[in-house]
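Here is how names work: the chains are called A, B, and so on, in the same order as the sequence lines, proteins then strands, and each is numbered from 1.
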Protein chains: 2
Amino acid sequence: MATKTAVDADLAGALVQTMHVLQDLYAETSRPLGLTPQQAHLLCVLLGGPLGMTELSRILSIERSSLTSMVDRLERRDLVARIPDPKDRRACQIELTTAGLQQAHEAHDAFTQRIEALTADLSSTARRTLATTLTGIVARA
Amino acid sequence: MATKTAVDADLAGALVQTMHVLQDLYAETSRPLGLTPQQAHLLCVLLGGPLGMTELSRILSIERSSLTSMVDRLERRDLVARIPDPKDRRACQIELTTAGLQQAHEAHDAFTQRIEALTADLSSTARRTLATTLTGIVARA
DNA sequence: TATTGTTATACTCTATAACTATA
DNA sequence: TATAGTTATAGAGTATAACAATA
């Protein structure tokens, strides 16, 4: 029916627009920290603990070869380190250095703060509802 | 207070995760069409009508010089055309070609379909609430 | 003088294919 | 044979700085 289609179109459009707003915010926030959005993402993922290249590439949705060069650049800047895996001599674990941990926290805090500012005028209920709905969407993806 | 902080953190995290999910979906959907996500975005923006380089760069949040090379590549593929602006001989309008219009529609429809699939199990009310909330966030940005 | 768009340059991001070392 | 990660290569996205043409 016409109404449902219109609502769906609005919702898809609203989600895409929100994505672009958040992408811009993410880029604007990363830049002053001297990080690209992709680098910030990588560092923040590592806040959860060290990861192997294959697992990290899966989480970031990039090829392992692309990740190799990203890690190279971050390792040169002493933000991450490759740690040999004692269980498997082919593998390594990527972990945050002290400086990398600090950068990751700064980036994470800055993102959170910017997003909170964007959602500051929502009611507690609206905030809770939004978080729940989005979490469901993420889980479904 | 502790509760509010926790909810806010969840919301910010949910928004960031949603952004990443949508980015991945956007990339996966663009690729089989032979487009990068940025190219798809550009083409979809032009569905609203021709735009000058400065305006388009503002909408896409990239520098004009970056846009020049993007438009070069799309023009080589006959997806967009540079039309001289009769009012201002410095300026040009970027417009979709017939092929570009078709590609833009295909991309737009594919995104919409994928996102609808992701939100298919939400109730009409939840869908409406989400669209309204997100539209407000976008407007505030 | 200010603005529009381009050029030149340098990085970063990314994928594909082929490779090495280990399992 | 299969898997972990790297190398080589190529193309795309991006910013900065300097520029030409026009307003």
Side-chain angles (χ1 to χ4, degrees), chain A residues 20 23-24 26-45 50-77 79-95 103 107, chain B residues 20 23-24 26-45 50-77 79-95 103 107:
Chain A
H20 284 129
Q23 280 180 321
D24 290 353
Y26 210 83
E28 282 169 24
T29 307
S30 305
R31 173 181 288 277
L33 300 176
L35 299 171
T36 64
Q38 294 87 352
Q39 290 172 333
H41 188 195
L42 191 160
L43 295 182
C44 287
V45 165
L51 291 169
M53 293 293 284
T54 298
E55 179 67 357
L56 188 50
S57 73
R58 195 188 58 71
I59 293 171
L60 298 177
S61 303
I62 61 175
E63 292 295 321
R64 283 174 303 161
S65 61
S66 305
L67 181 57
T68 293
S69 37
M70 281 195 70
V71 170
D72 285 346
R73 286 186 284 272
L74 291 170
E75 197 173 33
R76 263 183 252 128
R77 293 166 60 180
L79 295 175
V80 304
R82 284 175 167 95
I83 309 297
D85 183 338
K87 320 273 189 184
D88 184 341
R89 284 189 306 175
R90 295 171 302 180
C92 62
Q93 297 271 303
I94 312 303
E95 80 174 11
Q103 280 276 70
Chain B
H20 285 129
Q23 280 179 323
D24 290 352
Y26 210 83
E28 281 169 24
T29 307
S30 305
R31 172 181 289 277
L33 300 176
L35 298 171
T36 65
Q38 294 87 350
Q39 290 172 332
H41 188 194
L42 191 160
L43 295 182
C44 286
V45 165
L51 292 169
M53 293 293 285
T54 298
E55 179 68 355
L56 188 50
S57 72
R58 193 187 60 71
I59 293 171
L60 298 177
S61 303
I62 61 175
E63 292 296 320
R64 283 173 303 162
S65 60
S66 305
L67 181 57
T68 293
S69 38
M70 282 194 70
V71 169
D72 285 346
R73 284 185 285 272
L74 292 170
E75 197 173 32
R76 262 182 252 128
R77 292 167 61 180
L79 295 175
V80 304
R82 284 175 165 95
I83 309 297
D85 183 338
K87 320 272 189 187
D88 184 341
R89 284 190 304 175
R90 295 172 303 182
C92 63
Q93 298 272 302
I94 312 303
E95 79 173 11
Q103 280 277 71

Enumerate donor-acceptor pairs with a distance under 3.5 Å from any side-chain N or O in residues 61-70 of chain B to protein atoms, sequence neighbours excluded.
unit_1  : atom_1 : unit_2  : atom_2 : d
B:Ser61 : OG     : A:Asp24 : OD2    : 2.9
B:Thr68 : OG1    : B:Arg64 : O      : 3.2
B:Ser69 : OG     : B:Ser66 : O      : 3.0

Margin query: Any non-hydrogen side-chain atom of A:Glu95 less than 4.5 Å from a side-chain atom of A:Val80?
Written below: no

Note to self: Can you list everything that forms a side-chain contact (heavy atoms from CB on, under 4.5 Å) with B:Ala81? Sequence neighbours excluded, please.
What the structure shows: B:Ile83, B:Thr97

Next item on the list: Rounded off to whole Å, could you give me the CD-to-P distance for the A:Glu28 and D:dA15 pair?
Entry: 11 Å

Next item on the list: Measure from CZ on A:Arg82 to P on D:dG5 and round the result to the nearest Å.
Entry: 10 Å

Checklist line | Residue mapping more 5' on DNA chain D - nearest nucleotide basis, A:Ala91 or A:Asp72 | finding: A:Ala91

Next item on the list: Rounded to the nearest angstrom, tell me the gap between atom CG in B:Asp85 and atom P in C:dT6.
Entry: 13 Å

Next item on the list: Look at all strands and tell whether B:Thr54 reaches a base, only sugar-phosphate, or nothing, counting heavy atoms closer than 4.0 Å.
Entry: sugar-phosphate

Next item on the list: Specify the separation, in whole Å, of atom CD of B:Glu75 and atom C1' of C:dT6.
Entry: 13 Å

Next item on the list: Using the test salt bridge (Lys or Arg N to Asp or Glu O under 4.0 Å), find all partners of B:Glu55 that sit at least two apart in sequence or belong to another chain.
Entry: B:Arg58

Notebook entry, point to check: For A:Glu55 and D:dT3, what is the distance between atoms CD and C1' respectively, to the nearest whole Å?
Noted result: 14 Å

Next item on the list: Apply ring-ring contact (aromatic ring centres under 6.0 Å, His included) to B:His20 and list each qualifying residue two or more places apart in sequence or on a separate chain.
Entry: A:Tyr26, A:His41

Next item on the list: Take atom CG of B:Leu35 and atom P of D:dA12, then tell me their distance rounded to the nearest Å.
Entry: 12 Å

Next item on the list: Scan for side-chain hydrogen bond (donor to acceptor under 3.5 Å, both in side chains) pairs involving residues 82-92 of chain B, sequence neighbours excluded, and state none if there are none.
Entry: B:Asp72-B:Arg82, B:Glu75-B:Arg82, B:Asp88-B:Arg90

Margin query: I'd like to compare against my own output: the B/S/- annotation of nucleotides 13-23 of chain C with a strict under-4.0 Å heavy-atom distance to protein.
Written below: BBBBB---BBS

Notebook entry, point to check: Taking CE from B:Met53 and C1' from C:dT6, how many angstroms apart are they, rounded to a whole number?
Noted result: 8 Å

Note to self: Output the rounded distance in Å from CG (A:Leu51) to P (D:dA4).
What the structure shows: 14 Å

